[in-house]
Amino acid sequence: MTRSEQFSHTSFQAALVSLSLDRASALPLHQQLTEALRDLVLSGRAPAGARLPSSRQLAQELSVSRVTTLTALEQLVAEGYLETRRGAGTFVAHDLPRAAPAVGAPADLPAPQPPQPYAPLSPAIPDLAGFPHADWARHLERAWRAPEPGLLARPDPLGWPPLRAAIAAHLEGWRGLRCAPAQVIITSGASESFDLIARALFAPGDTVAIEDPAFPPMRHALTRAGLALHPLRVDAEGLPVDALPARMRGAVVTPSRSYPLGTTLPLPRRLALLDHAARAGAWVIEDDYDSEFRYTGQPLPALASLDHAGRVIYVGSFSKTLSPALRLGYMVAPPRALPLLQQAIAAAGPRASLVPQPALAAFMAQGGFATHLRRMRRLYAERQRALIHALAPLADLLQVAPDPAGMHLVCPLTPACPLGDHDIARRAARAGLGLRALSAYFDGPEAPQGLVLGYAGFNADTLRDAAATLAAILRHP
Ligand SMILES: Cc1ncc(COP(=O)(O)O)c(C=O)c1O
């Protein structure tokens, strides 16, 4: 043994004796000892070939039971850090790669923060306190306490069949859209649906018309898939259909309520859009994001209900009707798009969890969902009135008008408003409000200035306080 080997063997013995185990720790002693010995080996302080004391000796030196030391040594032999030689004892393994020490958790990252409540006036947030928790728990428990065999079989990547049937029935009643359950595909939300559609139905470089303004995650999904976006500024009647590019491969539209402005695409434009798509051989993606919440008049049926050529893919989501935490949405695909979408799902693997699907299927089939929607519709209509009332003192700075539908108000800034919408949104965020700048949804130049104010998820008191905070920001910039 060379002098330096002798030295490191001695320092190893010293390190062994000074090992300290924490008896108050929740980690069992044998595990603490395993980790400490492993560290000694990996850090090089326990040199290859060094002999360890016997398990009995080690137990005495560390004042622990022999079972503790035996368990730790056996574990490290099994992992290959130590080796035993018959009749000679236990040694640090010779052929250990002198790799970097085991990767530990980085120490400088901030600890995860507890979830914060949604900031008042955040758009797209339903009334989460009104989520039917008791019903939901009952349906989940029923589905999973003694799961039926189908739930334990290989899941259908297109979703749980009874949920697909329940969605088909819901769409016929609420959106005038007749479809077969086989056309319904369950996803983890509209964002995943856009992602799948972009990859399954288009090739990079394809021209896809979109509305301007539009839902940013949709724009993002299409851009990421390499599609050439062709934004068209919406006018008082929604998408200017006669400006659609002749060679478009697709169009993404929100015909029931253009997002976020809320204009409804009139029937002549709907028919012209479908006609254009049929002639161009293009797909039309209909994002029907909050049509269930209409307060006056009858909603126009979904665009997909007029689609005789089989070109429209209907996209729906439970994020606004139930909760964004559910992460469940769906698509209704015309027969010719089904195999393409199916292939894309098979390639990427389904993302929607099966766990909530049987509960949601039962909730819908037994009428709980329809009851919940009616209850929320009444509540949101009241909340919209409460917000309009609370904003009345700001009439010189914000144009506030009732909206026959939806979960947010879009309020253009008047010329007297002293701040731009981005500036207001930044100051509002610092004051704890979740409102958005209208211009942030636009792509092209000269975006109109305004505020997008979500009311559905907040009670009248919260809305009144939020309006007072907003008034302070606007009056005392
Ligand atoms: C225009 C629009 N489409 C779709 C959705 C739903 O998206 P997801 O299902 O991914 O939560 C929203 C929700 O905010 C939306 O505003």
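Every number for a ligand or one of its atoms is a count from 1 in the order of the listing. All values reported here derive from a predicted model rather than from experimental measurement.
For residues 331-353, the set of pairs meeting the side-chain hydrogen bond (donor to acceptor under 3.5 Å, both in side chains) definition, not counting sequence neighbours, comprises Asp195-Arg351.
For Tyr289 and Tyr259, the gap between ring centers is short of 6.0 Å. Aromatic rings from Tyr380 and Tyr295 are positioned such that their centres are separated by 6.0 Å or more.
Ligand 1 lies under 4.0 Å from heavy atoms of Ala124, Gly189, Ala190, Ser191, Phe215, Tyr259, Asp287, Tyr289, Ser317, Ser319, Lys320, Arg327.
Note: Phe131 and His133 have tilted aromatic rings, judged against thresholds of 30 and 60 degrees for the angle between ring planes.
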Side-chain donor-acceptor contacts of residues 156-163 below 3.5 Å, not counting sequence neighbours, with atom names and distances?
residue : atom : partner : partner atom : Å
Asp156  : OD1  : Leu158  : N            : 2.8
Asp156  : OD2  : Arg164  : NH1          : 3.2

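With sequence neighbours excluded, the residues satisfying salt bridge (Lys or Arg N to Asp or Glu O under 4.0 Å) with Glu141 are Arg145.
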